[in-house]
There are 2 protein chains.
Amino acid sequence: MTPKDTDRRSEILDAAAELFAHKGVASTTVREIGESVGIYAGAIYHYFPSKDAIVRELITGYLETLNAEYAAKAPRRLAPRARLRAVVEVSLRTADEKPHATQVYQDQLRNVRDLPEYRRAKALADEVQRIWLETIEDGKAAGVFRADISSKVFHRFLRDAIWLSIKWRHSGDPYTTEELVQDCIAIFLDGFAVRRARRTRPPAPPR
Amino acid sequence: MTPKDTDRRSEILDAAAELFAHKGVASTTVREIGESVGIYAGAIYHYFPSKDAIVRELITGYLETLNAEYAAKAPRRLAPRARLRAVVEVSLRTADEKPHATQVYQDQLRNVRDLPEYRRAKALADEVQRIWLETIEDGKAAGVFRADISSKVFHRFLRDAIWLSIKWRHSGDPYTTEELVQDCIAIFLDGFAVRRARRTRPPAPPR
DNA sequence: GTCTATAGCCCGATAGAC
DNA sequence: GTCTATCGGGCTATAGAC
């Protein structure tokens, strides 16, 4: 495959991602994808065997990046609070860098997770969940997270809040990802209620 | 309109809601809606002028119910913490009672909020948001909620966590709505971290 | 009020020229 | 590698019989 092919391929992938994220996969036509990169619909099929193959590649690529980033930036040796912060930060930064793929993943996974073509995507998604739950369980075992709330419930609340943040951010906000990470950790770990008795621990160091 | 008409109409509405929620609006055909109530596609158009009119009625009905319940169960005279709890509880119970309409609303609102046919739905959605923000701002003014976190950010996190809970619940869980409300309030107000210094206030009274 | 039948349109995907 | 042209099919919505 020549470099030109690679360029064109990823051009198509990017254009499709943007359309899918904006209008939904079902409502986006192959013709529209072609138009937005300046070729005819038929030519798309020179690079991808089907429309669904584009969706699949977007989702798989997103999940691969996410898992690689978790492994690099949120290793198990970190203290639970620091590791959870790292997991949150990686998730938000990845959503920042690949907002369209993130959106497509969230919109589509439920519809496709049981299809045999998506076996690999499902395995990658399961690994993401495993890392989240391990982080939470380790924190409970260390006594820094509350044992009276189910790990799965906490995981889902936090994950959903993070996922959906891509729908209300990027509107030209001055609100940075770093601020979002801080607010996220502040709310989910320390709560929105004003504390009667101040905690003795200093705030988490900036990174 | 005879009672039989009314029955048939809401039968169609319910069947459509279930299909829309499960497969997405775009991927659900009018034929399928007809099949699931035992009539032909053409007959649907005797009750609704278009497929979109069904979607619109579902969304508007959901938002009307939600606003009415807020007014009844979460009046402004409640203390901020109690009112926030009531808003959360009403939101979760309404999602429980109309899971399909809730899902359709969440899936569709972004796509349709600027369409003139959805002016009324948008106004109702704006009122929902106004109540949430008022509750949060009142709590800040009373000194029971943290002033260092943006009300909008907190609102979005909490709202998204609640909304998405319909996607992972109702799987025959023994986990009740009441437990979910409690966990939700516990996490979002008091945080998931173990507290070094115990709060002097007793736990919120059950209702 | 519900049926059958179909108009009219757009879709994903393919074939073959260049 | 991209074009033009088109196939086969599914869609929403309509028309007219009963």
Side-chain angles (χ1 to χ4, degrees), chain A residues 1-60 100 104 107-108 111-112 115-118, chain B residues 1-60 100 104 107-108 111-112 115-118:
Chain A
M1 190 180 284
T2 71
K4 183 147 176 298
D5 275 345
T6 307
D7 287 352
R8 188 65 110 178
R9 230 186 97 88
S10 41
E11 207 183 330
I12 292 169
L13 210 52
D14 289 348
E18 185 168 350
L19 288 165
F20 289 160
H22 193 250
K23 317 189 359 169
V25 171
S27 311
T28 302
T29 68
V30 177
R31 281 175 175 75
E32 285 174 306
I33 301 170
E35 275 169 28
S36 85
V37 299
I39 63 177
Y40 280 72
I44 301 277
Y45 290 85
H46 178 69
Y47 300 93
F48 297 93
S50 71
K51 179 183 171 182
D52 186 63
I54 303 178
V55 175
R56 209 159 53 233
E57 186 158 329
L58 282 171
I59 289 176
T60 308
H100 302 137
V104 173
D107 289 346
Q108 290 299 114
N111 304 336
V112 300
L115 273 51
E117 303 86 23
Y118 282 81
Chain B
M1 191 179 286
T2 71
K4 182 147 178 299
D5 274 347
T6 307
D7 287 352
R8 186 67 110 179
R9 230 186 98 89
S10 40
E11 209 181 330
I12 293 168
L13 210 52
D14 289 348
E18 184 168 349
L19 288 164
F20 290 161
H22 192 250
K23 319 187 1 168
V25 171
S27 312
T28 302
T29 69
V30 177
R31 279 201 252 283
E32 285 174 306
I33 300 170
E35 276 168 27
S36 84
V37 298
I39 63 176
Y40 281 71
I44 300 279
Y45 291 86
H46 178 69
Y47 301 92
F48 297 93
S50 70
K51 179 183 171 183
D52 186 64
I54 303 179
V55 175
R56 207 160 54 234
E57 186 158 327
L58 282 170
I59 290 176
T60 309
H100 302 137
V104 172
D107 289 346
Q108 290 298 115
N111 304 336
V112 299
L115 273 51
E117 303 87 21
Y118 282 82

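Values in this document were obtained by computation on a predicted structure and should not be read as measured data. In what follows, chains are A, B, ... by sequence order, proteins preceding strands, each numbered from 1.
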Inset, instruction - For B:T28, report the nucleic acid contact type (base, sugar-phosphate, nothing); a contact means any heavy atom under 4.0 Å. - result: sugar-phosphate
Inset, instruction - Could you list the residues that satisfy side chain to side chain donor-acceptor pair (under 3.5 Å) with B:Q108, not counting sequence neighbours? - result: none
Legend entry - Point-to-point distance, once rounded to the nearest 0.5 Å, from NE2 of B:H22 to CG of A:N111: 9.0 Å
Inset, instruction - Ignoring the backbone of B:Y47, work out which of C:dT14, C:dT2, D:dA13 is nearest its side chain. - result: C:dT2
Inset, instruction - Tell me, please, which residues at least two apart from B:A53 pass side chain to side chain contact (heavy atoms under 4.5 Å, CB included). - result: B:P49, B:S50, B:R56
Inset, instruction - Would you please name every residue forming a salt bridge (charged side-chain N to carboxylate O under 4.0 Å, His left out) with A:E18, sequence neighbours left out? - result: none
Which donor-acceptor pairs under 3.5 Å do side chains of residues 25-34 of chain A form with protein atoms, sequence neighbours excluded?
{"unit_1": "A:T28", "atom_1": "OG1", "unit_2": "A:L19", "atom_2": "O", "d": "3.4"}
{"unit_1": "A:T28", "atom_1": "OG1", "unit_2": "A:G24", "atom_2": "O", "d": "2.8"}
{"unit_1": "A:T29", "atom_1": "OG1", "unit_2": "A:E32", "atom_2": "N", "d": "3.0"}
{"unit_1": "A:T29", "atom_1": "OG1", "unit_2": "A:E32", "atom_2": "OE1", "d": "3.4"}
{"unit_1": "A:E32", "atom_1": "OE1", "unit_2": "A:K23", "atom_2": "NZ", "d": "3.2"}
{"unit_1": "A:E32", "atom_1": "OE1", "unit_2": "A:T29", "atom_2": "N", "d": "2.9"}
{"unit_1": "A:E32", "atom_1": "OE2", "unit_2": "A:K23", "atom_2": "NZ", "d": "2.6"}

Inset, instruction - Mind grabbing the angle between the end helix axes of the helix from C:dG1-D:dC18 to C:dC18-D:dG1? Five pairs an end, 10° rounding. - result: 10°
Inset, instruction - Any salt bridge (Lys or Arg N to Asp or Glu O under 4.0 Å) involving residues 34-48 of chain B? Give me the pairs, sequence neighbours left out, ordered by first then second residue. - result: none
Inset, instruction - Could you tell me the separation between the NE2 atom of B:H46 and the C1' atom of D:dT12, rounded to a whole number of Å? - result: 19 Å
Legend entry - Interface with DNA chain C, restricted to residues 35-44 of chain A and to heavy atoms under 4.0 Å: A:G42
Inset, instruction - Look at the side-chain N and O atoms of A:R8 and state whether any lies under 4.0 Å from the OP1 or OP2 oxygen of D:dT2. - result: yes
